[in-house]
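Fair warning: this is a prediction, and the values are worked out from it, not measured in the lab. Chain identifiers are assigned alphabetically (A, B, ...) following the order of the sequence lines, protein sequences preceding nucleic acid strands; residue numbering begins at 1 within each chain.
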Amino acid sequence: MPSTTASSNKGPKNACVPGAAPLAGLDFRAPAHALAPLLIGVTLLVDGVGGRIVETEAYGDADPASHSFRGRTPRNAAMFGPPGRAYVYRSYGVHWCLNLVCGAEGEGTAVLIRALEPTHGLEAMCARRGLQDERLLCAGPGRLAQALGIDGGFDQLPLDAPPFALLAPPADAPAPQVVSGPRIGITRAADVPWRFGEAGSRFLSRPMRGTG
DNA sequence: CCGGCGATCCTCT
DNA sequence: GAGGATCGCCGGG
């Protein structure tokens with residue numbers, strides 16, 4: 001169904017940018033705790049490889065668990081830049097982890113992508129991970145970064161252009177049931193229920209215990 | 001199935 | 001100089 005009334009001012013901001021990848025209709029100016037559950041069910045691709053987001057965590061303004069809590073540093077600079085870009089950091093000196101910067105510019109908020117249901121480029125992901133087991137390909141922030149080939153060179157890259165792509169779920173797809181619970185692997189603000197996941201998904205990094 | 005620990009490196013105290 | 005927004009392996013129950 002071609003629309004002759006083309007682009008209204010309600011459309012995505014990047015709708016007319018040549019070469020721009022879709023942003024799945026998401027508004028990255030939203031606060032992290034509001035955006036994080038909306039990302040469940042969205043497909044995340046890097047160079048066409050990736051899957052459906054099934055687990056996220058919000059890291060907010062004045063959040064003691066956030067890398068941005070003690071102010072801007074060289075490592076977390078991406079968090080204080082414009083929303084809609086990547087923040088990639090190295091964890092435990094070994095793993096890379098991907099965040100999507102959101103909120104107001106300079107606020108220092110982001111959403112950590114914790115798990116994907118693999119859907120695109122299974123062969124490439126298995127090769128990078130050295131695994132056959134589909135369930136473990138992207139079940140964790142370090143695992144999914146390895147599967148998608150994400151490293152420090154992806155820090156600060158915009159999410160609305162290659163190699164990144166964010167695809168909204170099909171219009172006829174049932175909305176995923178999203179549950180929340182405490183975030184994983186942190187010591188401060190450990191009770192804040194800012195971990196979000198698709199209920200019943202077998203691709204989570206760990207089972208969701210929390211309430212819906 | 002579960003808990004413990006080493007890897008590995010950079011950041012901030 | 002300590003400690004991670006982690007992972008995978010090892011050992012024991």
- Task: Take atom CH2 of Trp96(A) and atom C1' of dT8(B), then tell me their distance rounded to the nearest Å.
- Result: 12 Å

- Which sits closer to the 5' end of DNA chain C, Asn99(A) or Leu136(A), going by the nucleotide each is nearest to? Asn99(A)

- Message: So Asn99(A) and Tyr89(A), do their side chains get closer than 4.5 Å, heavy atoms only?
- Response: yes

- Test Phe28(A) against Leu166(A) for side chain to side chain contact (heavy atoms under 4.5 Å, CB included), laying out the working first. CA-CA 12 Å; Phe28(A) 281 87; Leu166(A) 290 166; 3.7 Å; yes

- Residue Val94(A), side-chain heavy atoms: nucleotide from dC7(C), dA5(C), dT8(B) that is nearest: dT8(B)

- Query: Roughly, in whole Å, what's the span from CZ in Arg90(A) to P in dA5(C)?
  - Reply: 15 Å

- Message: Can you measure Tyr92(A) atom OH to dC5(B) atom P for me and round it to whole angstrom units?
- Response: 15 Å

- Item | Between dT13(B) (P) and Phe69(A) (CZ): distance, integer Å | 11 Å

- Query: Once you round it to whole Å, what is the distance between P of dG3(B) and CZ of Arg206(A)?
  - Reply: 9 Å

- Query: Taking atom P of dG8(C) as reference, at what distance in whole Å does atom CG of Asp133(A) sit?
  - Reply: 11 Å

- To the nearest Å, how far apart are His33(A) NE2 and dA5(C) P? 21 Å

- Message: Students often get this wrong, so: under 4.0 angstrom with heavy atoms, is Thr73(A) touching a base, only sugar-phosphate, or nothing?
- Response: sugar-phosphate

- Task: Give the minimum heavy-atom separation between Gln156(A) and Ala77(A), together with the two atoms involved.
- Result: NE2-CB, 4.0 Å

Can I get a per-line list of side-chain donor-acceptor pairs under 3.5 Å for residues 116-135 of chain A, giving both atom names and the distance, sequence neighbours left out?
unit_1    : atom_1 : unit_2    : atom_2 : d
Glu117(A) : OE1    : Arg52(A)  : NH1    : 2.8
Arg128(A) : NH1    : Ala147(A) : O      : 2.9
Arg129(A) : NE     : Leu137(A) : O      : 3.0
Arg129(A) : NH1    : Gln146(A) : OE1    : 2.7
Arg129(A) : NH2    : Leu136(A) : O      : 3.0
Asp133(A) : OD1    : Arg135(A) : N      : 3.0

- Message: For Ala36(A), is there any backbone N or O sitting under 3.5 Å from a side-chain donor or acceptor partner on Thr56(A)?
- Response: yes

- Message: Between P on dG8(C) and CG on Leu131(A), what's the gap in Å once rounded to a whole number?
- Response: 7 Å

- Message: Heavy atoms only, 4.0 Å cut-off, all strands: where does Ile186(A) land among base, sugar-phosphate and nothing?
- Response: sugar-phosphate

- Message: Strictly below 4.0 Å: does His67(A) bring a side-chain N or O up to OP1 or OP2 of dA5(C)?
- Response: yes

- Item | Near-parallel close stack of Tyr89(A) and dA5(C) base (under 5.5 Å, under 30°) | no

- Message: Tell me which nucleotide, if any, is Watson-Crick or G-U wobble paired with dG3(B) when both distances must be under 3.5 Å.
- Response: dC10(C)

- N or O in side chain of Arg114(A) less than 4.0 angstrom from dT6(C) OP1/OP2: yes

- Item | Distance test, side-chain N/O of Arg129(A) to OP1/OP2 of dC7(C), below 4.0 Å | no

- Query: His95(A) side chain: which of dT6(C), dA5(C), dG8(C) is closest?
  - Reply: dT6(C)

- Among the nucleotides dC12(B), dT6(C), dA5(C), whichever has the atom closest to the side chain of Pro74(A) is dC12(B)

